[in-house]
Protein chains: 2
Amino acid sequence: MNIDPLFTYINRFVDLTEEEKGILASQVTVRKYLKNQFIVQQGDVCRFENFVLSGCARTFHVDKEGQEHIVMFAIENWWISDLGSYLSQTPAFYNVQCLEATEVVQFPFENLEQLYEKIPKLERFFRIIIQKAFVASERRIVRNYSLSAKERYLEFRKQYPAIEQRVPQYMIASYLGMTKEFLSKVRSQLISDQ
Amino acid sequence: MNIDPLFTYINRFVDLTEEEKGILASQVTVRKYLKNQFIVQQGDVCRFENFVLSGCARTFHVDKEGQEHIVMFAIENWWISDLGSYLSQTPAFYNVQCLEATEVVQFPFENLEQLYEKIPKLERFFRIIIQKAFVASERRIVRNYSLSAKERYLEFRKQYPAIEQRVPQYMIASYLGMTKEFLSKVRSQLISDQ
DNA sequence: AAGGGATGTTAATCTAGTTTAACATCATTG
DNA sequence: CAATGATGTTAAACTAGATTAACATCCCTT
């Protein structure tokens with residue numbers, strides 16, 4: 001499978017020359033996962049940063065009570081990994097599991113420093129996308145505190161309509177920080193509202 | 001005031017030459033704010049990224065009901081701004097207000113691109129610190145969902161003992177996503193526990 | 001086509017945390 | 001030093017959302 005979607009994505013932020021594309025292509029690999037397979041498992045060291053070419057995956061943490069807490073979903077053109085684990089090569093706090101057959105471009109940790117050396121623009125690229133991710137994450141914290149369950153669900157539907165179609169409802173409830181029963185109630189209220 | 005604490009901080013991640021320090025010093029300014037002054041106001045465009053030399057400040061959002069939600073505190077050696085507003089020069093989502101007289105090093109947005117050009121290492125530096133901030137922010141989301149109010153308070157005390165001393169209790173409650181009355185109850189429970 | 005696992009709904013009961021309100025303490029400033 | 005505003009406490013009444021449990025649906029798979 002070709003990795004053009006990755007180049008297209010990167011070129012939204014920095015311009016890669018053909019030579020740089022070649023170097024990048026030589027340092028990454030494409031891998032296919034089946035539905036339900038794990039790309040990262042909590043406790044293992046995360047070896048790759050992954051760019052999704054096709055499919056859908058979730059990142060979640062299992063707490064000491066055994067509760068799952070989903071922190072993100074990823075579909076085409078999203079990045080997914082346990083960044084904390086990847087960067088410091090320490091045990092992962094999260095699981096990353098495929099919800100559909102999923103194809104990713106993998107950036108092995110061992111190649112990362114070389115990649116930054118050979119293509120300094122990538123330093124800039126990753127800075128920019130992580131800044132965006134950080135801003136979104138902080139805003140999510142505020143939303144979680146300031147919005148009701150119903151409002152959070154409506155925001156989610158507006159912001160990620162594509163994801164809502166592809167992911168079971170109980171996982172959306174987990175992402176939104178409520179029980180699946182309560183999300184079901186919220187939804188039935190919304191239906192009777194209009 | 002000299003900006004050596006900034007250089008010390010940056011040198012934990014990348015090595016700046018004396019020349020680079022000179023360039024950096026020429027592109028930033030030091031500013032003092034009084035207690036209660038605003039470094040950024042919600043709705044204005046955030047013009048500076050700020051590094052705290054001394055003092056203490058908070059970042060908070062006021063929602064449509066007029067509720068305040070504190071997303072972070074900053075003391076010496078922390079960064080504070082509305083990053084989303086700063087990077088895209090759009091109206092700020094947050095307020096940044098000093099809780100004590102506070103001295104900061106300001107990185108004006110106009111100088112940022114030049115600074116990256118003249119000192120490419122800074123690209124790397126900011127990538128690294130923002131990665132850390134992002135990882136912390138995502139973990140905070142999980143903690144907010146998986147821990148009780150009491151547990152969140154204990155975590156906060158353990159993680160930021162210096163901040164707890166300097167900030168009024170009702171602001172800590174806001175940071176932790178609970179009412180000041182409930183935090184007071186949690187605290188009195190903790191006292192009677194032991 | 002039958003059976004079983006995964007998903008979704010409904011409703012009763014429960015609880016962590018909110019709201020409201022009254023009061024206590026303390027620091028600042030006039 | 002009196003007064004005022006900012007901070008912190010306590011307790012009663014309330015509510016958003018959790019828990020539990022029973023049932024409904026919709027798949028896959030054999």
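All values reported here derive from a predicted model rather than from experimental measurement. Within every chain, numbering begins at 1; the chains are lettered A, B, ... in the order of the sequence lines, protein sequences first and strands thereafter. Note: hydrogens, waters and symmetry copies are ignored here, and every other heavy atom, side chains too, is used.
- As rounded to whole Å, 11 Å separates atom P of C/dT10 from atom CD of A/Q189.
- A/R127 forms a cation-pi arrangement with B/Y116, by the criterion of a distance under 6.0 Å to the ring centre and an angle within 45° of the ring axis.
- Of the candidates D/dA18, D/dA21, C/dG17, D/dA18 carries the atom nearest the A/K185 side chain, counting heavy atoms from C-beta on.
- For the pair B/R140 and B/Y175, the distance from NZ or CZ to the six-membered ring centre is under 6.0 Å and the angle to the ring normal is within 45 degrees.
- Side chains of B/Y145 and A/N144: a donor on one and an acceptor on the other come within 3.5 Å.
- Within residues 163-178 of chain B, the residues approached by DNA chain D to less than 4.0 Å at the level of any non-hydrogen atom are B/P168, B/Q169, B/Y170, in residue-number order.
- Listed candidates were D/dA16, D/dA21, C/dG17. Nearest to the side chain of A/F182 is D/dA16.
- Atom-to-atom, OH of A/Y153 to P of D/dG17 comes out at 15 Å; the value is rounded to the nearest Å.
- The residue among A/R152 and A/K180 whose nearest nucleotide of DNA chain D lies closer to the 5′ end is A/R152.
- Put simply, the side chain of A/E123 never gets that close to the backbone of A/P120: no donor and acceptor are under 3.5 Å apart.
- A donor-acceptor pair under 3.5 Å is formed between the side chain of A/Q89 and the backbone N or O of A/Y86.
- Over its length, the helix from C/dA1-D/dT30 to C/dG30-D/dC1 turns its helix axis by 40°, as judged from the five terminal pairs at each end, rounded to 10°.
- In this structure, A/Y9 has its ring center closer than 6.0 angstrom to the ring center of A/F51.
- Across the protein-nucleic acid pair, A/K35 atom NZ and C/dT7 atom C1' stand 11 Å apart, rounded to whole Å.
- One N or O on the side chain of B/S88 and one on the backbone of B/G84 form a donor-acceptor pair closer than 3.5 Å.
- Between the P atom of D/dT19 and the CG atom of A/L183 lies a distance of 15 Å, rounded to the nearest Å.
- Rounded to an integer number of Å, the gap from CG of B/L34 to C1' of C/dT28 is 17 Å.
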| request: Show the numbers, then the answer: is there a side-chain hydrogen bond (donor to acceptor under 3.5 Å, both in side chains) between A/Y153 and A/E164? | output: CA-CA 10 Å; A/Y153 173 61; A/E164 208 198 354; 2.7 Å; yes
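- Rounded to an integer number of Å, the gap from CD of B/E181 to P of D/dA12 is 15 Å.
- Taking atom NZ of residue A/K150 and atom P of nucleotide D/dA18, one finds them 15 Å apart after rounding to whole Å.
- Not one side-chain nitrogen or oxygen of A/S184 sits closer than 4.0 Å to the OP1 or OP2 atom of C/dG8.
- Relative ring orientation between A/Y94 and A/H61 is described as perpendicular, the plane-to-plane angle rising above 60° on a 0-90° scale split at 30° and 60°.
- Following rounding to the nearest Å, B/N144 (CG) and C/dG17 (C1') show an atom-to-atom distance of 14 Å.
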